[in-house]
Asks: 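One structure coming up, written as structure tokens, with questions to follow.
Whatever order the structure lists ligands and atoms in, that order sets their numbers, starting from 1.
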Amino acid sequence: MIRIFLTGYMGAGKTTLGKAFARKLNIPFVDLDWYIEERFHKTVGELFTERGETGFRELERTMLHEVAEFEDVIISTGGGAPCFFDNMEFMNQVGKTVFLNVHPDVLFQRLCIAKQQRPILQGKQDEELKEFITQALEKRAPYYTQAHHIFNADELESYHEIEASVDRLQELLEL
Ligand SMILES: Nc1ncnc2c1ncn2[C@@H]1O[C@H](COP(=O)(O)OP(=O)(O)O)[C@@H](O)[C@H]1O
Ligand SMILES: O=C(O)C1=C[C@@H](OP(=O)(O)O)[C@@H](O)[C@H](O)C1
Ligand SMILES: [Mg+2]
């Protein structure tokens, strides 16, 4: 039975790689953020506004436990999920975990373009965003590095790079 959790910071490529990896293995893909959005009929941004981060983290934990019941699945978590409650320990117990490690400069480039969809990053100017990413990575590293595997996901900019990363991931996980 395959149950893999992809973790890592915002912009690390959890959604992009998770989707492509599941397609390659021909098994379902679940993105925890999308799952939450569908269930509540609201965007992650709207849920943050309505419930605050504390409220979002609580429902994120509940939804994580729900998707963790699925079998033969690739699950991409939100970037914060492993860093709250005992979520990381829980994922390690019920499945295989992978930390998508990406250089902060690459994350910065990706998130400059894609910060609007991420409530935590909205409104940050370039220098502030860079500093914010560096500090957040330091704070979150102790959680992310508990993953069973660490995978370099610096190269995801083209279809070809994504396919090559999927092949490496498949090898790493011996699937
Ligand atoms: N095909 C692509 N071409 C260029 N950039 C991409 C492509 N796919 C993803 N990205 C960039 O990489 C970032 C990481 O994507 P995403 O999978 O959403 O990360 P995560 O789910 O870890 O937050 C995206 O925000 C985007 O900037
Ligand atoms: O890192 C975080 O705290 C968050 C990451 C997001 O997911 P992605 O990592 O897929 O962007 C989403 O869950 C929410 O905006 C909070
Ligand atoms: Mg995502």
Side-chain angles (χ1 to χ4, degrees), residues 4-23 28-68 70 73-88 90-91 97-104 106-124 128-147 150-157 161-162 165-166 169:
I4 292 159
F5 296 93
L6 300 184
T7 67
Y9 199 62
M10 289 179 260
K14 304 176 294 292
T15 303
T16 306
L17 207 52
K19 210 166 151 185
F21 191 35
R23 196 184 309 126
F29 168 64
V30 175
D31 183 277
L32 187 57
D33 284 335
W34 294 353
Y35 190 84
I36 293 170
E37 290 182 341
E38 248 174 58
R39 173 63 64 88
F40 289 85
H41 303 288
K42 289 187 177 146
T43 64
V44 168
E46 285 166 347
L47 291 165
F48 258 75
T49 306
E50 280 175 18
R51 297 165 184 244
E53 180 166 3
T54 311
F56 176 78
R57 295 304 174 192
E58 275 164 18
L59 70 89
E60 181 179 51
R61 173 177 56 173
T62 308
M63 295 296 107
L64 175 65
H65 281 251
E66 198 169 304
V67 301
F70 301 155
V73 66
I74 305 292
I75 300 164
S76 292
T77 68
C83 314
F84 291 83
F85 311 107
D86 62 347
N87 291 348
M88 191 66 215
F90 170 69
M91 290 188 281
T97 53
V98 182
F99 165 39
L100 302 187
N101 195 20
V102 174
H103 193 280
V106 178
L107 288 177
F108 171 71
Q109 283 165 13
R110 290 181 188 169
L111 292 170
C112 272
I113 307 163
K115 66 182 175 192
Q116 262 347 87
Q117 301 93 285
R118 286 150 171 117
I120 292 177
L121 306 178
Q122 273 167 15
K124 294 206 189 316
E128 194 190 347
L129 179 63
K130 210 165 201 168
E131 184 57 26
F132 185 85
I133 292 170
T134 312
Q135 286 189 7
L137 282 175
E138 258 172 50
K139 270 190 243 151
R140 288 181 173 190
Y143 300 95
Y144 291 152
T145 54
Q146 289 173 41
I150 298 183
F151 180 82
N152 182 297
D154 279 343
E155 291 175 5
L156 293 178
E157 305 320 312
E161 284 183 354
I162 293 169
S165 294
V166 165
L169 192 54

Asks: Would you mind running through ligand 2 and noting each atom that sits below 4.0 Å from a heavy atom of Val44?
Replies: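 Counting atoms of ligand 2 from 1, those under 4.0 Å from Val44 are 14 (C), 15 (O).
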Asks: Quick one: does ligand 2 sit under 4.0 Å from the side chain of Asp31, the backbone, both or neither, non-hydrogen atoms only?
Replies: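 Neither part.
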Asks: Nearest heavy-atom pair of Ser165 and Leu17: which atoms, and what distance?
Replies: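 Heavy atoms of Ser165 and Leu17 come nearest at CB-CD1, 3.7 Å.
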Asks: Please report the shortest heavy-atom distance between Arg61 and Asn87, naming the atom on each side.
Replies: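 For Arg61 and Asn87, the tightest heavy-atom pair comes out as CG-OD1, 3.6 Å.
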Asks: Checking Glu128 now: which residues fulfil side-chain hydrogen bond (donor to acceptor under 3.5 Å, both in side chains) with it, not counting sequence neighbours?
Replies: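 Scan of Glu128 (side-chain hydrogen bond (donor to acceptor under 3.5 Å, both in side chains), adjacent residues dropped) gives none.
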Asks: So if I count the atoms of ligand 2 from 1 in the order they appear, which ones are less than 4.0 Å from some heavy atom of Gly80?
Replies: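 Going through ligand 2 atom by atom, the ones under 4.0 Å from Gly80 are 1 (O), 2 (C), 3 (O), 4 (C).
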Asks: In ligand 2, which numbered atoms sit nearer than 4.0 Å to a non-hydrogen atom of Asp33?
Replies: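 Those qualifying, in numeric order: 6 (C), 7 (O), 8 (P), 10 (O), 12 (C), 13 (O).
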Asks: Quick check on contacts: which atoms of ligand 2 are under 4.0 angstrom from a heavy atom of Lys14?
Replies: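 Contacts of ligand 2 toward Lys14, numbered from 1: 8 (P), 9 (O), 10 (O).
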Asks: Closest heavy-atom contact between Lys115 and Lys124?
Replies: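 Distance-wise, the nearest heavy atoms are NZ-O, 2.7 Å.
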Asks: Looking at ligand 2, is there an atom of it that comes within less than 4.0 Å of some heavy atom belonging to Glu37?
Replies: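 False for this residue.
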Asks: Would you say Arg140 has any N or O atom under 3.5 Å from an N or O of ligand 2, going by distance alone?
Replies: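 By distance alone, the answer is yes.
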Asks: Which atoms of ligand 2 are found less than 4.0 Å from any heavy atom of Pro119?
Replies: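 Listed by number with element, the hits are 15 (O).
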Asks: How far does CG of Leu32 sit from CD of Glu37, to the nearest 0.5 angstrom?
Replies: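 These two atoms lie 10.0 Å from each other.
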Asks: Arg57 and Phe48: side chain to side chain contact (heavy atoms under 4.5 Å, CB included), yes or no, with the steps?
Replies: CA-CA 9 Å; Arg57 295 304 174 192; Phe48 258 75; 4.2 Å; yes
Asks: Does the N or O separation between Glu53 and ligand 2 drop below 3.5 Å for any pair?
Replies: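 No, since none of the N or O atoms of Glu53 sits under 3.5 Å from an N or O of ligand 2.
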Asks: Which atom names give the shortest non-hydrogen contact between Pro142 and Glu138, and what distance separates them?
Replies: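 Pro142 and Glu138 have their closest heavy atoms at CD-O, 3.4 Å.
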Asks: Could you tell me, atom by atom, which parts of ligand 2 come under 4.0 Å of a heavy atom of Arg118?
Replies: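 Reading through ligand 2 atom by atom, the close ones are 11 (O).
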Asks: Apply side-chain hydrogen bond (donor to acceptor under 3.5 Å, both in side chains) to Arg51 and list each qualifying residue two or more places apart in sequence or on a separate chain.
Replies: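 Checked Arg51 against side-chain hydrogen bond (donor to acceptor under 3.5 Å, both in side chains); zero matches.
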Asks: Specify the closest pair of heavy atoms between Ile74 and Phe21, including all atoms of both residues, with the distance to one decimal.
Replies: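 For Ile74 versus Phe21, the nearest heavy atoms are CD1-CD2, 3.6 Å.
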Asks: Could you say whether the N/O atoms of Phe56 and ligand 2 ever approach to under 3.5 Å?
Replies: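 N/O-N/O distance under 3.5 Å: no.
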Asks: I want to know if ligand 2 touches Thr77 in the polar sense, i.e. an N/O pair below 3.5 angstrom.
Replies: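 Between Thr77 and ligand 2, no N or O pair is found under 3.5 Å apart.
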Asks: Answer yes or no as to whether an N/O/S atom of Met10 is found below 2.8 Å from the Mg ion (ligand 3).
Replies: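 So Met10 does not count as coordinating the Mg ion (ligand 3).
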